[in-house]
Protein chains: 2
Amino acid sequence: MAGAKILVVDDEPFIVELVKFNLESAGYEVITASDGHEALKLIEKEHPDLIILDIMLPGIDGMEICRALRFKRETRDIPVILLTAKTGEIDKVLGLEMGADDYITKPFSPRELVARVRAVLRRTDKKARSEELIKAGPVVIDVDRHEVFVDGKKKDFTPKEFELLKLLASNPGKVFSREYLLENVWGYDYLGDTRTVDVHIRHLRQKIEKNSEDPKYIKTVRGVGYKFNELE
Amino acid sequence: MAGAKILVVDDEPFIVELVKFNLESAGYEVITASDGHEALKLIEKEHPDLIILDIMLPGIDGMEICRALRFKRETRDIPVILLTAKTGEIDKVLGLEMGADDYITKPFSPRELVARVRAVLRRTDKKARSEELIKAGPVVIDVDRHEVFVDGKKKDFTPKEFELLKLLASNPGKVFSREYLLENVWGYDYLGDTRTVDVHIRHLRQKIEKNSEDPKYIKTVRGVGYKFNELE
DNA sequence: CCAAAATTATAATGTTTTTTGAAAAAAATA
DNA sequence: TATTTTTTTCAAAAAACATTATAATTTTGG
């Protein structure tokens with residue numbers, strides 16, 4: 001995430017300055033706060049993409065802020081990197097319910113800081129991790145995750161159902177013969193009854209169609225086969 | 001980093017000699033300076049791999065040098081170990097000079113010195129570093145420390161379990177086939193039964209899931225493989 | 001409207017895949 | 001080397017899924 005907005009919270013002005021300088025050199029936009037209250041106000045107003053938080057702060061301390069962020073919908077997904085002074089504090093940080101995405105122990109080198117910021121942003125940037133999605137009508141298929149959503153709701157499909165639906169939904173409107181479907185979903189060496197396809201089509205209809213008596217999407221083309229219809 | 005070039009800066013000739021002797025015995029190349037100006041000149045000319053810096057120096061003092069180094073691109077990544085006389089100075093170093101990578105209080109033993117030099121060089125050696133935390137569901141994996149926390153409590157995992165969990169938790173939601181897992185955890189040359197994966201999955205479930213009969217996180221995707229599920 | 005053809009429904013049966021328990025083998029450690 | 005830990009193998013049991021036979025329904029052309 002190039003040019004991300006980063007909030008740095010520390011009560012030592014020198015640390016804030018140093019972190020700010022290094023992050024800005026690396027191409028990030030930096031805003032700063034020196035205590036917990038100021039930080040919370042800024043988070044609400046500025047919606048930073050990442051927060052670097054000293055664990056020891058006057059007033060509300062870093063871990064409390066971290067925990068507080070997790071309870072609000074708008075702030076829950078903002079990644080946090082904690083600054084810890086002593087090695088002993090790490091276990092505490094890791095051991096408690098860890099809202100933070102990473103930690104850095106002081107003293108640390110600017111290079112390490114920038115590297116970790118980059119890593120956390122890369123990891124949490126959802127847009128960058130594009131996945132292959134097949135969309136047709138009310139159906140969205142996430143191939144990587146092997147998940148199917150119908151009208152935005154996740155539904156379970158058996159392996160054969162999944163493959164069959166994938167094939168149909170990949171080419172909306174195109175008619176597939178039972179033979180073609182058997183060859184491509186079941187395999188060329190399949191020796192079973194062609195009626196098998198019908199049964200699976202029925203299962204798909206039960207999971208996809210609002211009224212499986214009168215299918216809107218998975219249409220029968222009499223004498224030919226089946227197709228996934230896209231509505232006009 | 002064998003044979004690294006180390007710059008030692010101190011105004012006391014005895015200390016410089018002591019440090020120089022021990023580091024050279026340990027196989028490092030050592031150059032020296034006795035004040036801030038000389039140090040800065042040498043850094044520019046010699047590009048040392050590490051700087052050992054007395055915090056109290058005539059003229060420009062150690063902390064100022066340290067800070068100055070952080071503001072120049074060419075010197076930003078050179079690790080610095082600070083020498084402090086009084087224990088009271090440590091907090092100052094930790095709090096302010098995050099540019100430093102470590103510190104040693106005088107008086108120090110030669111062994112400690114060499115150990116810390118080695119540690120800092122190892123830590124800052126580019127290839128070896130920059131790991132991150134892997135988080136998924138109730139699991140936090142600290143790769144550097146080879147530790148796993150489940151619901152904030154540290155749990156032990158065997159090597160295979162650790163690698164398998166790491167891979168699954170690194171890509172929450174994504175389904176991995178048994179073959180893929182075998183290739184990436186066991187290695188491409190592994191010739192064992194694919195059921196081996198199942199057994200290890202079982203062990204992971206026993207350590208992660210509250211009820212391993214009904215796993216919430218490590219899900220089976222029938223006919224495909226396994227995935228680490230992120231809950232909504 | 002009727003009969004033939006095609007499709008769909010249901011349920012029982014058969015198959016594959018996964019889980020599980022236990023023990024053998026291998027590897028690591030003392 | 002002895003002991004412990006870890007990994008792997010194997011096979012039975014369970015669970016999930018696929019297939020088939022049969023019956024019911026729908027469609028279509030005459």
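Any value given below was found using the heavy atoms of this structure, including those in side chains, with hydrogens, waters and symmetry copies removed. Chain identifiers are assigned alphabetically (A, B, ...) following the order of the sequence lines, protein sequences preceding nucleic acid strands; residue numbering begins at 1 within each chain.
B/R205 pairs in a side chain to side chain donor-acceptor pair (under 3.5 Å) with only one of the listed residues (B/D214, B/N211, B/T220), which is B/T220.
Atom CZ of A/R76 has more than 12 neighbouring heavy atoms from other residues, nucleotides or ligands inside a 6.0 Å radius.
Taking the ring axis of B/F157 as reference, the NZ or CZ atom of B/K207 stays within 45° of it and closer than 6.0 Å to the ring centre.
Taking 4.0 angstrom as the limit, A/H200 places a side-chain polar atom (N or O) nearer than this to OP1 or OP2 of D/dT19. Checking the phosphate oxygens (OP1, OP2) of D/dA21, no side-chain nitrogen or oxygen of A/R195 falls inside 4.0 Å. Dashed line: the shortest gap from a side-chain N or O of A/W186 to OP1 or OP2 of D/dT19 is under 4.0 Å. Contact between the side-chain N/O atoms of B/T220 and the OP1/OP2 oxygens of C/dT17 is not found at any separation under 4.0 Å. Contact annotation: A/Y190 side-chain N/O to D/dA18 OP1/OP2 distance is not under 4.0 Å. The side chain of B/T196 places an N or O atom within less than 4.0 Å of a non-bridging phosphate oxygen (OP1 or OP2) of D/dT9. Taking 4.0 angstrom as the limit, B/Y226 places a side-chain polar atom (N or O) nearer than this to OP1 or OP2 of C/dT19. Phosphate contact (OP1/OP2 of C/dT19, side-chain N/O of B/R205, threshold under 4.0 Å): present.
A/F162 comes within contact range of no nucleotide atom at all, as no heavy-atom separation falls under 4.0 Å. Among the atoms of the strands shown, none is found under 4.0 Å from any heavy atom of A/F157. Using a 4.0 Å heavy-atom distance criterion, A/D198 is classed as a base contact.
Rounded to whole Å, the distance from CZ on A/R202 to C1' on C/dT10 is 7 Å. Rounded to a whole Å, the CD atom of B/E161 is 6 Å from the P atom of D/dT7. Note: NZ (B/K160) to P (D/dT9) measures 11 Å, nearest angstrom. Atom P of nucleotide C/dG14 and atom CG of A/D193 are separated by 16 Å, given to the nearest angstrom. Separating the CD atom of A/E209 from the P atom of C/dT8 is a distance of 12 Å, rounded to the nearest angstrom. Between the NZ atom of B/K219 and the P atom of D/dA16 there is a distance of 12 Å, given to the nearest Å. Taking atom CG on A/L164 and atom P on D/dC17, their separation rounds to 15 Å, with Å as the unit. Atom NE2 in B/H203 sits roughly 12 Å away from atom C1' in D/dT9 (whole-Å rounding).
The stretch residues 176-185 of chain B touches DNA chain C through B/R178, each having a heavy atom within less than 4.0 Å of the strand.
The closest side-chain donor-acceptor pair between A/Y28 and A/N22, if any, does not fall under 3.5 angstrom.
Heavy-atom nearest nucleotides on DNA chain D were determined for B/L191 and for A/T158, and the one closer to the 5' end corresponds to B/L191. Comparing B/V224 and B/Q206, the nucleotide of DNA chain C nearest to each residue sits closer to the 5' end for B/V224.
The aromatic rings of B/H200 and B/H203 sit perpendicular to each other, their planes meeting at more than 60°, with 30° as the lower class boundary.
Not one N or O on the side chain of A/D61 forms a donor-acceptor pair closer than 3.5 Å with the backbone of A/L57. Between the B/R178 side chain and the B/R195 main chain, no donor and acceptor come within less than 3.5 Å of each other.
In terms of heavy-atom proximity, B/K216 sits nearest to B/E209 at N-OE1, 2.6 Å.
Residue-to-nucleotide contacts include no donor-acceptor pair under 3.5 Å from the side chain of B/R222 to the base of C/dT18.
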